[in-house]
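Each remark here refers to the structure printed beneath this line.
Keep in mind that this is a model prediction, so the values were computed, not measured.
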Amino acid sequence: MTVRVRYGPSPTGEPHVGNIRTALFDWLLARRFGGQFIVRIEDTDQSRAVEGAEQLILDALSWLGLDWDEGPDCHGSFAPYRQSERLPLYRAAAERLIADGHAYRCDCTSERLNALRKSQQQAKQPPGYDRYCRERQVSEAQPHVVRLAMPRDGDTIVHDYLRGDVTFQNELLDDHVLLKRDGFPTYHLASIVDDHHMQISHVIRGEEWLSSAPRHVRTYAALGWPEPIWVHIPIIRGPDKGKLSKRHGATSIREYAAQGFLPEALLNFLALLGWSKDETTTIMSRDEILAAFDLDGLGLSSAMFDIERLREMNARYIRDLEPLDFLQRGKPYLERRIERTLADADLERLVLIAPAIQERVKLMPEFADYTDFFYRDGPLDYPNAELMGRAYRNKPWAALEAVEATLQALRQVKADDWTVASLELALRDLANQRGEKPGALFTPIRVATTGKRVAPPLFETLVTLGQARTLERLNAAAERLARPDD
RNA sequence: GGCCCCAUCGUCUAGAGGCCUAGGACGCCAGCCUUUCAAGCUGGUAGCACGGGUUCGAAUCCCGUUGGGGCCA
């Protein structure tokens, strides 16, 4: 069997991580088994449509590296891929169902329906359409909806790939609407007609659709079409255990991108939310996930979206980046911070220190914190107290002495010997001579050269900064300590 | 409320009757390392929701209870 799976987002806003995870499983199944991944825009609810949302969805997929074979922006054998452009297909299906006696026209007013619901509520009856029009002849000319004539008794069984057979009592299912008054189909009709015509093999969707699945099964039966394989995957929950939503903070893919999460990390994290390869593997590239993926690895219980775990995974991915790749990815954040653009050669001065920075950055925007001082021209901005650190706290004269001793030692280093090894030797030596711990001496040097208490390792920093600027900044620090009016 | 789904450390999970005195990862705690901050290393903390069965034997199968979630209202 050819695997053909579709992702059917509604263009109602930013794509949500929960939806994208479904798309990920679609994509994985298709790619793993040599099938096709189709993107179909489900825009039959005109009132909820949002301008530009379709592009946002496609962008999110691209950002994660999920490519599609057929979709609204490319040709495919089953075009068009927007439901709003496929209306005649749904109408034809509805007409056929009516002709065969599986569906009927209904012109009940919303007043009647509301009254009905109210009386059902009062009588503590299950709510639902009372099939008033099922035995009537409603003229085509009248405004009307089309409803599916569901069986009145018996059961409908949904064969779910993950859960096995799920049985629903037909008497609890009412005659739902297939075609709305405006001639647009509901999800219940459109998805079925399209899945059939597009030869979809597996319907992977959130568990929230399981309760309407018997309606879909009945529709397939009425149309005489074979059912796809149903795969209802668990939903993602927020920290309060409820369905993940905006209340819980960021939910859109774009927000995660903006916060500095790497697409590889988010992909890995999402894949592991409800799926696992084996008992130990947690870090997997897209290709490794792909090679191991299958539906049987999916779990049945819903997983919580734990941002801490995602952050940790992101940090891990950042550490594992090639240094030059890391620099390129950090570049935009640094440029924004220093408010100018950087040539690649200028950026690549950082290659020596890049691995040390990678160990420290958890989220990409932090890249700027660890690198901006390399690109500042004027005096650094920091309080004098920082310069003294703990060892020279409230003793500017002592700190001054340390800085001056450092200056003296570093001036003697030959320009062509300005390396990590010789700086380490020189500065450790100096600390020894002065009879103090390296940390005591290094703090003022660090603050003087970076303007920060927390910075990358010192020797690499000084080498990257260069001898001239190091001495210049130490001089500036000495001057500040000499007149402690800060 | 009705229907449906689910149930292993705080979190993500491994486990498809004996391999389980339940394994891994993140977090957390302690120690080591250490020039700040990290990273790394070592050790530790913590779980099969409960009650009945079935079986020589149950985290694993069945029933019930409880809890959580979804859908409909």
- Item | Closest nucleotide among B:G40, B:C37, B:C72 to the A:P127 side chain | B:C72
- Query: Across the strands shown, which category fits A:K452 at heavy-atom distances under 4.0 angstrom: base, sugar-phosphate, nothing?
  - Reply: nothing
- Task: May I ask you to verify if any side-chain N or O of A:S276 is less than 4.0 angstrom from the OP1 or OP2 atom of B:A14?
- Result: yes
- Task: Would you mind classifying the nucleic acid contact of A:T280 as base, sugar-phosphate or nothing, using non-hydrogen atoms under 4.0 angstrom?
- Result: sugar-phosphate
- For nucleotides B:G2 and B:C48, find the distance between their C1' atoms and express it as a whole number of Å. 32 Å
- Atom P, compared across B:U45 and B:C6: separation rounded to whole Å: 34 Å
- Item | Rounded distance in Å - CZ (A:R309) to C1' (B:A25) | 6 Å
- Message: Closest approach to the side chain of A:S211, judged atom by atom: which nucleotide of B:A14, B:C71, B:C5 is it?
- Response: B:C71
- Hey, are the side chains of A:S285 and A:E264 touching, using non-hydrogen atoms and a 4.5 Å cut-off? no
- B:C37 phosphate, OP1 or OP2, under 4.0 Å from A:K362 side-chain N/O: no
- Looking at A:R117, does any N or O in its side chain come under 4.0 Å of the phosphate oxygens OP1/OP2 on B:A73? no
- Query: Watson-Crick or G-U wobble partner for B:C3, using a 3.5 Å limit on both distances?
  - Reply: B:G70
- Starting at atom CG of A:N314, determine the distance to atom P of B:C12, rounded to an integer number of angstrom. 20 Å
- Message: Over all strands shown, is A:T167 touching base, sugar-phosphate only, or nothing at heavy-atom distances under 4.0 angstrom?
- Response: sugar-phosphate
- Who pairs with B:C26 - Watson-Crick or G-U, where each distance is under 3.5 Å: B:G10
- Distance, P atom - from B:C28 to B:C37, rounded to whole angstrom: 16 Å
- Is the A:H216 ring parallel, tilted or perpendicular to the A:W209 ring (thresholds 30°, 60°)? tilted
- Message: Does atom CZ (A:R181) have a neighbourhood of more than 12 heavy atoms from anything else shown, all under 6.0 Å?
- Response: yes
- Task: For nucleotides B:C61 and B:A46, find the distance between their C1' atoms and express it as a whole number of Å.
- Result: 28 Å
- Just checking A:L273: base, sugar-phosphate only, or nothing, at a heavy-atom cut-off of under 4.0 Å? sugar-phosphate
- Please tell me which of the listed nucleotides, B:U36, B:G27, B:G70, lies nearest to the side chain of A:E312? B:G27
- Query: In whole angstrom, what separates A:R237's CZ from B:G69's P?
  - Reply: 7 Å
- CZ of A:F326 versus C1' of B:A39: gap in Å, rounded? 13 Å
- Query: Does A:R311 have a side-chain nitrogen or oxygen under 4.0 Å from the phosphate oxygens OP1 or OP2 of B:G27?
  - Reply: no
- Message: Partner lookup for B:U35, please. Criteria are Watson-Crick or G-U wobble with both distances under 3.5 angstrom; report none if nothing qualifies.
- Response: none
- How long is the line joining CZ of A:R390 and C1' of B:C37, in whole Å? 14 Å
- Task: Quote, to the nearest angstrom, the P distance that separates B:C29 from B:U66.
- Result: 38 Å
- Query: Taking the side chain of A:E359 as heavy atoms from C-beta outward, which of B:A39, B:U36, B:G23 is closest to it?
  - Reply: B:A39
- Give the rounded distance in Å between these two atoms: CD1 of A:I283 and P of B:A25. 12 Å
- Side-chain donor or acceptor of A:R453 under 3.5 Å from a matching atom on the base of B:U36? no
- Task: State which of B:C3, B:A73, B:C6 makes the closest approach to the side chain of A:L300.
- Result: B:C6
- For the pair made of CG in A:L321 and C1' in B:A39, what is the distance, rounded to whole Å? 16 Å
- Message: Students often get this wrong, so: under 4.0 angstrom with heavy atoms, is A:G274 touching a base, only sugar-phosphate, or nothing?
- Response: sugar-phosphate
- Query: Looking for any heavy atom pair under 4.0 Å, which part of the strands does A:P457 touch: base, sugar-phosphate only, or nothing?
  - Reply: base
- Query: Does a side chain donor of either A:S302 or A:R237 reach within less than 3.5 Å of an acceptor in the other side chain?
  - Reply: yes
- Query: Is A:N268 reaching over with its side chain to a backbone N or O of A:M284, donor-acceptor style, under 3.5 angstrom?
  - Reply: yes
- Message: Taking the minimum atom-to-atom distance to the side chain of A:R360, which one of B:U11, B:C37, B:C3 wins?
- Response: B:C37
- Could you check whether A:P456 gets within reach of a base, just the sugar-phosphate, or nothing at all, counting any heavy atom under 4.0 Å? base
- Query: Which base, if any, makes a Watson-Crick or G-U wobble pair with B:G51, both distances under 3.5 Å?
  - Reply: B:C63
- For nucleotides B:G31 and B:C12, find the distance between their C1' atoms and express it as a whole number of Å. 27 Å
- Query: When the aromatic ring centroids of A:Y104 and A:Y132 are compared, is their separation below 6.0 Å?
  - Reply: no
- Look at the rings of A:H176 and A:H188 and say which category their plane angle falls in: under 30° parallel, 30 to 60° tilted, over 60° perpendicular. perpendicular
- Message: What is the distance, to the nearest angstrom, from the CZ atom on A:R316 to the C1' atom on B:C12?
- Response: 16 Å
- For A:Q121, answer base if it contacts any base atom (sugar-phosphate contacts may also be present), sugar-phosphate if it contacts only those atoms, and nothing otherwise; contact means non-hydrogen atoms under 4.0 Å. sugar-phosphate
- Side-chain N or O of A:K277 less than 4.0 angstrom from OP1 or OP2 on B:A14? no
- Message: Taking the P atom in each of B:G53 and B:U42, what is the distance between them to the nearest angstrom?
- Response: 46 Å
- Task: Output the single nucleotide from B:C26, B:C37, B:C3 whose closest atom is nearest the side chain of A:V454.
- Result: B:C37
- Item | A:V166 side chain, from C-beta outward: closest of B:C71, B:C4, B:C37 | B:C4
- If the C1' atom of B:C4 is compared with that of B:A22, how far apart are they to the nearest Å? 31 Å
- Message: Under a 3.5 Å distance rule, please check whether A:E207 uses its side chain to pair with a backbone N or O of A:S301 as donor and acceptor.
- Response: no
- Query: Do the side chains of A:L350 and A:F367 get nearer than 4.5 Å, heavy atoms only?
  - Reply: yes
- Message: Any donor-acceptor pair, under 3.5 Å, between the side chain of A:R163 and the base of B:C5, if you only look at N and O atoms?
- Response: no
- Message: Using only atom types and a distance under 3.5 Å, with no angle test, would you say the side chain of A:H16 pairs donor to acceptor with the backbone of A:G18?
- Response: yes
- Task: Please figure out whether A:G242 or A:W275 has its closest RNA chain B nucleotide nearer the 5' end.
- Result: A:W275
- Task: Determine the contact category for A:A303: base if any of its heavy atoms lies under 4.0 Å from a base atom, sugar-phosphate if only primed atoms, P, OP1 or OP2 are that close, otherwise nothing.
- Result: sugar-phosphate
- Message: Under a 3.5 Å cut-off for both contacts, is B:U21 paired Watson-Crick or G-U wobble with anything, and if yes, with which nucleotide?
- Response: none
- Looking for any heavy atom pair under 4.0 Å, which part of the strands does A:F168 touch: base, sugar-phosphate only, or nothing? sugar-phosphate
- Between A:D165 and A:R428, name the one whose nearest nucleotide on RNA chain B is closer to the 5' end. A:D165
- Task: Assign A:L210 to base, sugar-phosphate, or nothing according to its heavy-atom contacts below 4.0 angstrom with the strands shown.
- Result: sugar-phosphate
